[in-house]
Protein chains: 2
Amino acid sequence: MILKRLTTLRKAKRWSLQYTADRLGIAKSTYAGYESGHRRPSLETINLLAGLYDTSTDYILGRVDYPYKDINTESPQVMELTDLSDMELAVDGISLSEEETIQFIAFIRAKREVEINRDKQNET
Amino acid sequence: MILKRLTTLRKAKRWSLQYTADRLGIAKSTYAGYESGHRRPSLETINLLAGLYDTSTDYILGRVDYPYKDINTESPQVMELTDLSDMELAVDGISLSEEETIQFIAFIRAKREVEINRDKQNET
DNA sequence: ATGTGGTGTACGCGTAACATGTACATTTAC
DNA sequence: GTAAATGTACATGTTACGCGTACACCACAT
């Protein structure tokens, strides 16, 4: 648990304890407790902190050693199933076989085909 | 806070509540409280869980959708379909509706159910 | 049928530790 | 110099966490 990193992160932003606490919605003394190590933030607060400081909870908690930023931009927002190169899909924790993925794509395409035909019918 | 992911992660390892709790050094009912959402784990426990489940605290907390095991390696990542919060899947460039995803998950589960029953038949 | 071990779920209680307000120390700006 | 802002430390009330316990369910064996 490396909460001392909080101080570094905060100072990198040139924020005061008060300002940070306000943004977190907690009292100044509460946040100060985190940095001093006397208190530990809740899970929600850790989440907020990672967002405020543009880093990850893993970095704040000391699981990784570099404060990678823009965690969201590193992962595409839309994943194209027909082009899954370095990614596996899973259901209930069990990875999909290649065949299952193919079936999935076929399933979706067929479903859409049906919908298109149905719409055409409705047009007339 | 997506602690529901804990259940998926645990079942992916085929662990029981008791076994997981033992490895965490806490009572079964305590860990069960996490998965049911009635209780929330401490920061240490979150850390341990991320290690046990080979994922990150960010994934457990729902900050990211990749259960990445190793940030630096390019090993294939596994994306849990039942657990996507801000990730979209697409086929032929068209995003899947939520309903389509749900239907597919049901499809896979049913398919696996059939396979399990067939295996049991073969055993006797 | 009855028992046994393993699993998941729900609840009440004691207590650890969290959040806060307050007070004090230190720094910065004027 | 003073005043405001910032950082630090502490006492207290209260939250909610962890635990034991009890119960329902299932698979399997007796």
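Of all the heavy atoms in B/Y53 and B/L9, the pair that sits closest is CD1-CB, 3.5 Å.
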Residues 19-28 of chain B, side-chain donor-acceptor partners within the protein, below 3.5 Å, at least two apart:
from: B/Y19; atom 1: OH; to: B/R23; atom 2: NH1; distance (Å): 3.3
from: B/T20; atom 1: OG1; to: B/S16; atom 2: O; distance (Å): 2.9
from: B/D22; atom 1: OD1; to: B/Q18; atom 2: NE2; distance (Å): 3.2

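Considering only residues two or more places apart in sequence or on other chains, B/T45 meets the side chain to side chain donor-acceptor pair (under 3.5 Å) condition with B/S42. Under the salt bridge (Lys or Arg N to Asp or Glu O under 4.0 Å) criterion, B/K13 pairs with B/D54, not counting sequence neighbours. The salt bridge (Lys or Arg N to Asp or Glu O under 4.0 Å) search around B/R10 returns B/E35, not counting sequence neighbours. Every residue was checked against the side chain to side chain donor-acceptor pair (under 3.5 Å) condition with B/T30, not counting sequence neighbours, and none meets it.
Rotation axes derived from the C1' atoms of the five outermost pairs at either end of the helix from C/dA1-D/dT30 to C/dC30-D/dG1 lie 30° apart, to the nearest 10°.
Put simply, OH on B/Y31 is 14 Å from C1' on C/dT9, counting in whole angstrom units. Per the geometry, CZ belonging to A/R14 stands 16 Å off C1' belonging to D/dT6, to the nearest Å.
Separation of atoms CD1 (A/I46) and CG (B/L43) is listed at 5.0 Å; rounding is to 0.5 Å.
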Going 5' to 3' through nucleotides 7-20 of chain D and flagging B where a protein heavy-atom sits under 4.0 Å of the base, S where only the sugar-phosphate is that close, and - otherwise, we get BBB-------BBBB
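Listed for the B/D58 side chain is no donor-acceptor partner under 3.5 Å among the backbone atoms of B/V64.
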